[in-house]
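Here is the structure we will look at, set down as structure tokens.
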Amino acid sequence: MDAATAPAAKNVSKKAEIYDGSANPVRAEYYERISQRDMTPLWEVLKYLVTKQPVTQCVPAIWRFDEVKPLVEEAGRLLTTEEAERRVLVLENPALRGQSRITNSLYAGLQLILPGEVAGAHRHTASAIRLILDGDGAYTQVDGEKTIMKYGDFILTPTWTAHDHGNESKQAMIWLDVLDVPIVNFFETAFAEHLDSAVQNTARVDNDSLWRYGSGVLPDGTDTSMIRSPVINYAYERVRPILDRMKNTGDADKHHGHRLRYANPFNGGWSLPTMGANLSLLPKGFKGESYRSTDSTIFACLEGKGTTKVDGQTIEWGPRDVFVVPTWKSYAHRVDQQAVLFSISDRPAQEALGLWREGN
Ligand code: 1HN
């Protein structure tokens, strides 16, 4: 075998387990020859390409805040935000270790910013959301809009928007980052750049975008064609009371409880084209019926505690815990006392491609 054919042959031997060429030496020899022309027999791989049901490596998993918080805090003593750029512990799905992802399509991490620190301004094609889990009063700036972050706030950093964070408060702050990095990298569309100054100029303050676009009016001249929400911070103090209104006036959905969607106020669609988020109130004594959908979902508990049964296993969660349910695994939530669950997934991307499905 000469050097030029060696890699191809190696490839075949790697696939030998799949192809079982030993059972049919004539075919095995044929596979070897087509492999040298960078071809492979579809009939040997079709069943892996087109499956009857979604197949995933992703497994159910939970990160309990009480257990991981001290480890996140320890990173604060090990390195500065300057050294780290972003001081984050990546939440890796236990079955996807080494791939910096919590589901096949989404990245998640817990970010720490200490009093007096700045995380410098940059932008990239990946979109981010942040869900504030601990601390009060650090800020983020997104394309010139500065917003103070508080518990439960849902913050957008849409594709290519400049963003920097800083903590002028007296407390450490920890939040959950979720990014569509695996999607951007699947399409091989990643770009990134640093801004000239670490802290961008502040042009707008005080949740300006929420005030402008989150009250059922649109200022004249607003360009409403954006495929993502103009709102940067969906403040928990504005959103949370809506769940109580829903609870007081309507029935809980049998799967999701009283659930709302973080929407793009221009068109009612999802807040970002790649990632969609919900907030759900599970009323006292809620026993959810089994549900599944094709979007592997990341949950974070904001209030109360409960359990989620998924794939024969019971996940017990409490405040600030983050857990994940893989694609097409049936799950059901249960609570004794009232709880509030945030969730996020790649559902908007799946819907845009005509792929999303749900069932029981
Ligand atoms: C990023 O820009 C941030 O800006 C956090 O806070 C986590 C993970 C991957 C890529 C970019 C941030 C990130 C990230």
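Read the numbers this way: they start at 1 and go in the same order the structure lists the ligands and their atoms. Everything numeric in this text was worked out from a predicted model, so none of it was measured. Position 1 is the first residue of the sequence; numbering continues from there.
Salt-bridge check for Glu29 with Arg33: passed, with a basic side-chain N closer than 4.0 Å to an acidic carboxylate O. Residues Glu117 and Arg87 are paired through a salt bridge, judged by an N-O separation under 4.0 Å between the basic side chain and the carboxylate.
Checking only distances, His163 does come within under 3.5 Å of ligand 1, N or O to N or O. Polar contact with ligand 1: absent for Tyr107 (N/O pair, distance under 3.5 Å).
In this comparison of Val142, Asp180, Thr157, Leu179, the heavy atom closest to atom 14 (C) of ligand 1 sits on Leu179. The nearest non-hydrogen atom to atom 2 (O) of ligand 1, considering only Arg86, His124, Arg130, comes from His124. Comparing heavy-atom distances from atom 5 (C) of ligand 1 across Asp177, Val181, Val178 singles out Asp177 as nearest.
Formation of a donor-acceptor pair under 3.5 Å by the Ser296 side chain with backbone atoms of Thr327 is found in this model. Side chain of Gln200 to backbone of Leu195: no donor-acceptor contact under 3.5 angstrom is found. In this structure a side-chain-to-backbone donor-acceptor pair under 3.5 Å is present from Thr159 to Thr125.
The shortest contact between atom 6 (O) of ligand 1 and any protein heavy atom is with His165 NE2, 2.6 Å.
Judged by the shortest distance from any of its heavy atoms, Glu85 lies outside the 4.0 Å radius around the atoms of ligand 1.
With Ser105 as the partner, the side-chain hydrogen bond (donor to acceptor under 3.5 Å, both in side chains) test is satisfied by one option alone out of Asp346, Asp295, Asp180: Asp346.
Proximity to Gln111 (heavy-atom distance under 4.0 Å) selects the following atoms of ligand 1: 5 (C), 6 (O), 12 (C).
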